[in-house]
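Below: the structure, in structure tokens.
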Number of protein chains: 2
Amino acid sequence: MIRVEQQRTHFCGEICDPSLVSKRVTLTGWVQNYRDHGGLMFIDLRDRSGLVQLVFDPQTNPAAHEIAKKARHEDVLSVSGIVQNRDPENVNPKMKTGAYEVKIDRIDFLNRSKTPPFQIDQEDVSEEIRLKYRYLDIRRPAMYNNLFMRHRITQTVRRFLDEHGFLEVETPILNRSTPEGARDFLVPSRLSHGKFYALPQSPQIFKQLLMVGGLERYYQIARCFRDEDLRADRQPEFTQIDIEMSFVRQEDVMRLMEQMIARVLEENYDIKISLPIAQITYQEAMEKYGIDRPDLRFGMELVDVTDVVRDSDFAVFKTVAEKGGMIKCLPVPEGDRLSRKDLDDLIAFVGKYGAKGMAWMRVKDGKLESNIVKYFSDSIQQKLLEVTGARENYTLLFVGDVKKKVVYDSMANLRLHLGDRFGLRKKGELKFVWVVDFPLFEWNEEENRYDAVHHPFTAPKLEDMALLETDPLKVRSDAYDLVLNGIELGGGSIRIHDMELQAKIFELLKISREEAREKFGFLLEALEFGAPPHGGLAFGLDRMVMEFQGLSNIRDVIAFPKTQKGTDMMCDSPSEVTPKQLEELGIKVVEYRANK
Amino acid sequence: MIRVEQQRTHFCGEICDPSLVSKRVTLTGWVQNYRDHGGLMFIDLRDRSGLVQLVFDPQTNPAAHEIAKKARHEDVLSVSGIVQNRDPENVNPKMKTGAYEVKIDRIDFLNRSKTPPFQIDQEDVSEEIRLKYRYLDIRRPAMYNNLFMRHRITQTVRRFLDEHGFLEVETPILNRSTPEGARDFLVPSRLSHGKFYALPQSPQIFKQLLMVGGLERYYQIARCFRDEDLRADRQPEFTQIDIEMSFVRQEDVMRLMEQMIARVLEENYDIKISLPIAQITYQEAMEKYGIDRPDLRFGMELVDVTDVVRDSDFAVFKTVAEKGGMIKCLPVPEGDRLSRKDLDDLIAFVGKYGAKGMAWMRVKDGKLESNIVKYFSDSIQQKLLEVTGARENYTLLFVGDVKKKVVYDSMANLRLHLGDRFGLRKKGELKFVWVVDFPLFEWNEEENRYDAVHHPFTAPKLEDMALLETDPLKVRSDAYDLVLNGIELGGGSIRIHDMELQAKIFELLKISREEAREKFGFLLEALEFGAPPHGGLAFGLDRMVMEFQGLSNIRDVIAFPKTQKGTDMMCDSPSEVTPKQLEELGIKVVEYRANK
């Protein structure tokens, strides 16, 4: 085994400075490429900083040249030599170090490599292979850069929060299971057979306890766990920037957090965003965009036309309107680019979101045209043009349904779909918005009770307090989400710090006193011992890095991610364990009747 | 519910500046104490920064005074008023804010508190109550300070490592179980019934994979898990500062890490330590102190007297020497302070470590005295005085045994015991030492094979490589521990980066090729694709903070620790879960035959 004998003097990527010419440098790294050319050997040596060209001349350094001839892809080298300018015709302007090369007189192999399953500068590698050989995948500059930027973003966040008096506190990973929200990962206890820890879905309760404990400002870059069936952008374990503050109002949290985001962008991407970030109410977001995380990089706002078309002769709309449903219109500028075939495809598209159909009209010569126009009187047509602001060559798309959710879902997705199609969702453009005034409750049809929209500790707005008694669905909460380009970066709320109010909320959620005590006992007790007003927020770090890096695959910002089946391709986990391990834990693997 | 209406202008502890006198301040915090005195109401208001005295005058502000009368311990207040100097006779020099008070004209209760189970400034609170009401416990300034200093230490570490080009990378918590080392916590997989994840005992393999991946410098403040029966200073989950570097030698890692420790002490405790930190070989540590983590705050070095007493007439020593055993002497300065009763107690003390007895001699008037002196010739006595350096009033304590481990254990503990007793282990004195040149292997009698002293990836010293073939127990490793005052703060090693050597080591550990592939498959494969030379180290963060804070209970530096039974007193975890949860995981709680 060969050890490091001489420390490197420079990183490969640093050989880009005229003052280094004629100086001796020692480098270490990996063989990216090698070639024999004009009697000389050339090796492109790579370390995490970049590439540099090494040259071996058999005339002046025959020993080094002889060794260099053995170099193959991904061998690990230690080399020493003199920096020189490349011949003008060999300068490579695409490389940072492309004007220089190092003439090597000493070379040692620190390790050899088998032929790798893919080359580091190869682009068409399947994700399966990349995950299996993750240790080679992260040699690729793009992957290294993702991890590097993730590090830098995290450091900025920590520095910012440290400067603002936040304490980083570690909360337990071995937690108590609460049958609320998503499914818990469980950990059997060996010392107490039959009992289990749960991995935290978030440090929510602990961060509130820290506020009760007078810590005042807490943060943690916290690992969280959800045992859910995985979607493309979900991982069973994920990381959130978790924050909680005492003696604050909603505005205080939002103002500080947007400063933090601005700092992250400025320090790491040299992007300045203007503060404060715009706000939109939940209600307005739903009406204009059909979704509570609108992509504001483009317009195409939805228009409610229920009242306009109520008196038309178009039976579908009439029925929907009569039954208390909703009809929305999406006015598409330059909608004449949509062919009949396109429109048929869009009808199929909204069908995926439950819409039973989609009507359309075109604006031609100032008039509406389509096969259904005849059902709309001139005055209704005129009114439609007015309320939608439609102009020449617009196409109006309509979806109506008795269930408002169907209209929101299909229209929101239709809007995004057309935004993509018309190139309106520009990469590199960052449109932030705070969504505020979320409703506190939603109605749970199945269980005939209210559900908390965020979580049961979210505070109602002071001015809506009376509505708790009369019309709970109208109560707005002190909750807020930060949305970027249609992606929820994070969200939070002011919490209830008053035990009486908390009891009232549990009552509305039909959580009995016993149940509440069983689930949240220690938090409820804590609220009785002088809990300060407090609130906070959590950002999804993985998603934040992904968005800022302009990526679409969340696995690209995680060093060792899991697949959608929750497996680790490299480690081959989860795996079987020994009978002794199970015996010590007092558990047994069993086949229940098929229940899925 | 009352919300925060006015933002505080100052922390309580900041009211200690003459320039604030006559200025209006708004404060928030908890009622630490309240009293009616001379017609005025006084409240000591506490936030995380400290205490300040509020005064309520019924003459000038009757409304505020009326409200203040209702204040009880741990109520949460928002107050506003004018800072004034205290009357000279009321100045409290023990309080940072003791020269000032705030005359309040506006007071709001932000929350009320039930009577707390203990008062925040109370000292005689049982740990059980403290853990159950942890949210009250961390209101105590001492506990807050521990969490604050832990935060600061962590920040210093991060800044230092960031400056030195380390990337913080998160490695998975849902891991693969490896039946090596301590017992794993397991997590049943719902998506693959019968398979399990394991929580990581350390990120060892992942950090090595990151080095193979060319990341070059990695760190993580990493949560680690061991399902062991807990000792006083062990927690089932603990945190380590985990570090790995490429293209380095042992010295490079040690030099950088001691700079980091020095920075932590300088920035947070204003303590300067001189670098480089001293080194001692494992062999020397064992010979002089009987232990591989010596407390160097005091001398009292052990002396091997086997050869000196071999030819005495003292049968016990003769037999031990003949059988190849070892006799060690601990020379105790001022040993005349040990009474006969004390010596009897010490005999019982070493018995706990397996010693069958302890002999002793006193130095009186330049001569040795004891009931066994007669078995030692004059020349042996003279020699004993010489080799032990014993002078007047020394007491020499002897333990001999055929098993060297018994001698080391009993003498190491005896030395520490006497160090405590004679007040030689001074609080506040910091004696660091690097222990180096650990043996690579130890012999496993039961299984008739070698065991790795650190772990199977530790590199042997280059100069001892030949001994791998001839005398493996003599092979020293490139492993190093940093020891402070007899406590191991952390340790690490240079790793094997060469597959052939790794295979050789597995052979000596009698780990078959199949077994190795099963256990470490992906790491072994990774070593074949151009692994660079690399090494690293891990510090126990909990222990480090505990030592630097001068504490003896590791739970005092953890926000929400577990008891020695692995339970959380506050959350009452682990807990039972629902049958549905177990069914989804495909496991069942069973009673195995009693196996413990």
Side-chain angles (χ1 to χ4, degrees), chain A residues 1 4 28 48 74 76 110-111 113-114 116 135 138-139 151 155 162 167-169 172-174 176-177 185 187 189-192 194-197 209 212-214 216 223 227 237 247 249 498 501 522 526 528-533 559-560 566 570-571 573-575 577 583 587-590 592, chain B residues 1 4 28 48 74 76 110-111 113-114 116 135 138-139 151 155 162 167-169 172-174 176-177 185 187 189-192 194-197 209 212-214 216 223 227 237 247 249 498 501 522 526 528-533 559-560 566 570-571 573-575 577 583 587-590 592:
Chain A
M1 187 164 83
V4 182
T28 55
R48 71 180 202 186
E74 301 309 312
V76 188
L110 296 175
N111 212 349
S113 173
K114 289 205 305 192
Y135 45 87
I138 57 183
R139 284 187 198 163
H151 162 76
Q155 291 300 111
D162 189 40
L167 263 60
E168 186 177 8
V169 179
I173 296 288
L174 293 171
R176 182 188 165 88
S177 180
F185 280 106
V187 183
S189 162
R190 182 178 55 87
L191 294 171
S192 312
K195 295 192 171 180
F196 294 80
Y197 302 100
L209 290 171
V212 178
E216 302 206 14
R223 206 74 64 86
D227 187 11
E237 53 182 302
F247 303 114
R249 297 158 299 186
D498 174 327
L501 177 60
F522 51 106
E528 301 194 293
F529 289 108
F560 301 104
M570 187 183 59
C571 312
S573 75
S575 66
V577 297
E583 186 169 329
I587 60 168
K588 199 169 176 176
V589 172
V590 289
Y592 288 87
Chain B
M1 188 164 86
V4 182
T28 55
R48 70 180 205 187
E74 301 309 313
V76 189
L110 295 175
N111 213 348
S113 174
K114 288 206 304 192
Y135 46 88
I138 55 182
R139 285 188 197 162
H151 162 76
Q155 292 301 110
D162 189 40
L167 262 58
E168 188 177 6
V169 179
I173 296 287
L174 293 171
R176 183 188 165 88
S177 180
F185 280 104
V187 182
S189 162
R190 182 178 55 86
L191 295 171
S192 312
K195 295 192 170 179
F196 294 80
Y197 301 100
L209 290 171
V212 177
E216 301 206 17
R223 205 74 63 86
D227 187 11
E237 53 181 303
F247 303 113
R249 297 157 300 187
D498 173 328
L501 178 59
F522 50 105
E528 301 194 295
F529 288 108
F560 300 104
M570 188 182 58
C571 312
S573 75
S575 66
V577 296
E583 186 171 328
I587 61 167
K588 198 170 178 173
V589 172
V590 288
Y592 287 87

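Owing to the predicted nature of the structure, the values given are computational and were not obtained by experimental measurement. Note that these values count all heavy atoms, side chains included, but never hydrogens, waters or copies made by symmetry. Below, chain A is the first sequence line, B the second, and so on; all start at residue 1.
- Most heavy-atom pairs under 4.5 Å with chain B, from the set A:V169, A:I138, A:I173: that is A:I173.
- The two residues A:F529 and B:R139 come nearest to each other via the heavy atoms O-NH2, 2.6 Å.
- B:S192 is linked by a side chain to side chain contact (heavy atoms under 4.5 Å, CB included) to A:P574, B:S189, B:K195, counting only residues two or more places apart in sequence or in another chain.
- For the options A:G530, A:A531, A:S573, A:P532, heavy-atom pairs under 4.5 Å to chain B are most numerous at A:G530.
- The residue among A:V212, A:L167, A:V187 with the most heavy atom pairs within less than 4.5 Å of chain B is A:L167.
- A 4.5 Å side-chain heavy-atom check between B:F196 and A:I587 finds at least one atom pair inside the cut-off.
- A:Q155 pairs by the side chain to side chain donor-acceptor pair (under 3.5 Å) definition with B:Y219, not counting sequence neighbours.
- Chain A forms more heavy-atom pairs under 4.5 Å with one residue of B:A559, B:P116, B:G214 than with any other, namely B:G214.
- Nearest heavy-atom pair across B:S575 and A:R176 is CB-NH1, 3.5 Å.
- Nearest approach of A:V577 to B:S177, heavy atoms of both residues: CG1-CB, 4.0 Å.
- Between A:E237 and B:L174, the closest heavy-atom pair is OE2-N, 2.8 Å.
- Only the side chain of B:R223 has a heavy atom closer than 4.5 Å to any heavy atom of chain A.
- Judged purely by atom type and a 3.5 angstrom limit, A:R190 uses its side chain to pair as donor or acceptor with the backbone of B:D227.
- Across B:Y135 and A:F522, no two heavy atoms sit closer than the pair CE2-O, 4.1 Å.
- Across A:V589 and B:G194, no two heavy atoms sit closer than the pair CG1-CA, 3.6 Å.
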